[in-house]
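Notes follow the structure.
Note that the numbering runs from 1 along the sequence shown for the chain.
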Amino acid sequence: MTQFLALFLDRIRQPRVIAEVIGGILLGPTVMGRIPGFRNAIFPDTSLPGLTLTSTIGLIIFLFLVGLEIDTKIIKRNKVSATAISVAGLLVPLGLGAALGVGIYREFISPTVNFGYFLLFTAVAIGITAFPVLCRILTSLKLLDTTVGVVTLAAGVGNDVVGWILLALTVALVNASTGLTALYVLLVCVGYVILLLYPGRWAYVWLARRTGSLEQGSPTAGMMTLTLLIVFVSAFFTDIIGVHAIFGASSFRWRPRHPAKLSPGGFLAGLIIPHENGYAISLVEKLEDLVNIIFLPIVRIMLRFTSESDRVAFDSQYFTLSGLRTNLGLMNDGKTWGYTIIICLVAFFSKFASCYATAYATGFNWREAGAIGSLMSCKGLVELIVLNIGLQANILDTRTFSMFVVHAVILTFITTPLTLLFYPERCRVHSGRQQGGHNNEGGTGPRQSPDDEIKTRFALILDKMEQLPAAMTVAQLLQPNTAPSSTLTLVPSVANSLEKTLKQPVTAGSPPIAINALRLIELTNRTSAVFKSKAAESLVYNDPVVSVFRTFGYLNRLHVSGALSVVEYYEFSSAISKHVTESESQMVILPWSRGVTIVDDDSNTTGALNPFDGVFHKTSTHDQTKSATYSEFIRSVFSTSPSHVALFVDRGLTTPYDGFSSQQLFMPFFGGPDDRLALSFLVQLCRNPTVKATVVRIQKIDDILKGDINAVVDDKSKPLTPAATVTVPLHQANQTIAAADTVYAQGDTQTRLASTTADSLTWDKYASPASAEDDTTLARIKFSTISSAQPLHTIVDLVGEHAKETRNLIIIAGRSRRMAVESHASELQSLISDAGASMSSMVPKTLGDVGAALVVTGAAASLLVLQAASANTI
């Protein structure tokens, strides 16, 4: 139920807690609970003790993770504005909440409940801000890198902690038989907190350093054991001294006289964990899946199916768990709904007005102040735990509990749309970081136009460690000078030998190559993903993928700058477009990592496969790159990128380096903007003295015989449609639901004539240069022209011949999904039939017809597929 609701609510940027609460209401007494025997059939009484114990452990660990999310450094960085907003956001709601409690007490609460205790509890319920949900909303809206997000997060920390302290006071008063007992409980609690946060934290950090855990950024098995021991011992101690969940960690335990005993130990243990060097992130990654997949669902089950009548019936036999017992059926009159609306209005406007006014007074504009006020008014899981406590302590009855739950759901639901209304993307001010959890070191290199023949600024996209070999291969080719750096000091004999080996002509005045590497990390519902988004500022310097590539760039005299962005997967292409614009990159490079080494079931051979080989072969293991999902992402980049795009499909290095082989490139040239870009880029790569190339211009015999360019125009005058692209039989095992093809509007006759003229000019410029300026580079390129009735078959044969002569061949081709000179759909279909293979439609949609033909025939070469920017499509 929760997973189904989350599918819809995630699309409108609602936090997952909304789906959990609504699912609990549907499964509880409001809907499903009305079915006779539903609860006893699903969860019989004999299952309750085990589920209760398991849910207790899960909730303790979960709230330990909540404590880990609080970083006190955030408050220190923004102490003035954050403190003012936090204080105002507490005092006004506490006062109005207490005033509201007077009316609710008189209308709905039994006189047996202490009036003062109820007012104090109502004030806390109205005044608290759900910090974990606030973190997730800020991350989802990409506000953690803005001034508004940082200040709101800092204010939320202080608000949350003070709120739980007040709740501890409330529960201590409720549970204590006398005021002196309550004072004793609070003093012991304060002493324990000081012991844990100061000597305890110092000792923990010392052990983490001694064991090397803090240095390597990951806890050892011994540190994990110690951490969990601290969590459970802390929970046990705070429970026996009679303190409630003052900081969120709960240990539900049944006691006849004290039904509201919950332990804060898990949360307190979370506060002592250091956040340096990604240690906290690594610790969270080791625990979160176990908690979220196994423990928390059981907690939610117990919350949904334990009713007040169940507690009375089972108090004498079982541990009890008083939880989310929302019953909307009890809200059956106008007075109840009227007070529910008043609760919503008071809770929202008391937070919003006070935080808005304070933020505006401390220098924020009206949009930023409105966003801060909206964010601070959000409720969530912490609010539900507070209400849970009140119900368990008999401060609330089931009807008032349901009223407060409805108010929590409504306020959490409206937080996201209100924030976007006040603070849209165009109005955001970033706090030293780029958008979307995006941090950029800043790049170097000359700013040039994308139309420049020599590309010097590249945006390289990295989202997996496996992509580093492909990225390094492309980056090495971009360096025009492979001579050793002049800053190296070598032994004379070694220097002389190296000079003789690597001495090559260097292009005079070669501009430096700048590569802006963008590391993409997917933002998920996991707590560790939220941690990474918050720590993007430091992760860009510590991330192993960025660090390895930065070192590679340094050793190869490349200007490499790193950027890191934590966004949801469907926003990857948008993040790339923004990065390209901000870094003024002339070309985006997308490395597609090679496949794993596997055994072919039919031939019993091994080899490194490209990402598409899984489309045609049965394999014993799966490629780490999911072709269907990743190809959709690539097509999205092709569609939205403001600059040129290069996709490198890497087959990997299948043979060891022999010490003298040069890199061989092969390019079939048909024409069109993509092929012109590919030819220009190939010439640039050949500025590297270790690179040689062969370029073949393919002319189809049918068009030559017609002797008129109109033959080409007539063939392509109709717009491409998905039906006009290759139609291939899909094997059952290889069927995919591919995204829509990248279809572009076709030009008229005049536009296509201009494009064909540009093709001829570009070809003549390199094949028959008028000057000797580039003789050194062009001397390493062989140009030829071939006429063929079956150009794809000809290309496949030529690639096969070149692959036999060279160890590692890279084929450069234009994607040609727009303004292509020739349509090869029918011939591609013929190639597929001849190969006896079946192919998903995503292959030609991603690579183009030429690339798909090479893939389907199993060409032993890597592919570099280029697409020109939209402004160059003539």
Any donor-acceptor pair under 3.5 Å from [X] side chain to [Y] backbone:
X	Y	answer
Thr211	Leu207	yes
Ser680	Leu677	no
Asp675	Gly814	yes
Asn688	Gln476	yes
Gln467	Trp592	no
Ser641	Phe638	no
Arg519	Ala563	no
Gln663	Asn808	yes
Ser213	Thr220	yes
Glu584	Val580	no

Check: So Met224 and Leu287, side chain to side chain contact (heavy atoms under 4.5 Å, CB included) or not? Walk me through it.
Finding: CA-CA 10 Å; Met224 281 299 301; Leu287 294 175; 4.0 Å; yes

Margin query: Between Phe572 and Ile461, is the side chain to side chain contact (heavy atoms under 4.5 Å, CB included) condition met? List the steps.
Written below: CA-CA 10 Å; Phe572 272 16; Ile461 311 304; over 6 Å; no

Next item on the list: Evaluate the criterion side chain to side chain contact (heavy atoms under 4.5 Å, CB included) for residue pair Lys464 and Val545; output intermediate values, then yes/no.
Entry: CA-CA 8 Å; Lys464 297 182 180 68; Val545 176; over 6 Å; no

Next item on the list: Indicate whether the side chain of Tyr204 and that of Thr227 have a donor and an acceptor atom separated by less than 3.5 Å.
Entry: yes

Check: Between Arg457 and Ser585, do the side chains contain an N or O donor and an N or O acceptor separated by less than 3.5 Å?
Finding: no

Checklist line | Stepwise side chain to side chain contact (heavy atoms under 4.5 Å, CB included) test for Asn516 and His579 | finding: CA-CA 9 Å; Asn516 299 282; His579 174 74; 3.7 Å; yes

Just verifying a value: how many Å separate [X] [atom1] and [Y] [atom2], rounded to the nearest 0.5 Å?
X	Y	atom1	atom2	answer
Leu228	Phe64	CG	CZ	7.0 Å
Thr690	Leu477	OG1	CG	7.0 Å
Tyr569	Phe633	OH	CZ	6.0 Å
Lys455	Phe681	NZ	CZ	8.5 Å
Lys692	Arg780	NZ	CZ	9.0 Å

Next item on the list: Count the heavy atoms belonging to other residues, nucleotides or ligands that lie under 6.0 Å from CD of Glu215, then report whether that count exceeds 12.
Entry: no

Item checked: Atom of Ala869, atom of Pro642 and distance for their closest heavy-atom approach -> CB-O, 3.9 Å

Next item on the list: Quick one: closest heavy-atom pair of Leu809 and Gln664, and the distance?
Entry: CD1-O, 3.5 Å

Option passing side chain to side chain contact (heavy atoms under 4.5 Å, CB included) with [X] (candidates [options]):
X	options	result
Tyr279	Ile281, Asn277, Leu283	Leu283
Leu647	Leu863, Leu864, Ile634, Val588	Ile634
Met587	Leu866, Leu478, Leu460	Leu866

Check: Do Arg815 and Asp674 meet the salt-bridge criterion of a basic N to acidic O distance under 4.0 Å?
Finding: no

Next item on the list: Inspect the contact between Lys578 and Glu425 and indicate whether a charged nitrogen and a carboxylate oxygen are less than 4.0 angstrom apart.
Entry: yes

Check: Should Arg635 and Thr846 be marked as a side chain to side chain donor-acceptor pair (under 3.5 Å) after you check the CA-CA gap, both sets of side-chain angles, and the distance that decides it?
Finding: CA-CA 6 Å; Arg635 292 204 301 277; Thr846 305; 3.2 Å; yes

Margin query: Which label fits Phe666 and His802: parallel for a plane angle under 30°, tilted from 30 to 60°, or perpendicular past 60°?
Written below: tilted

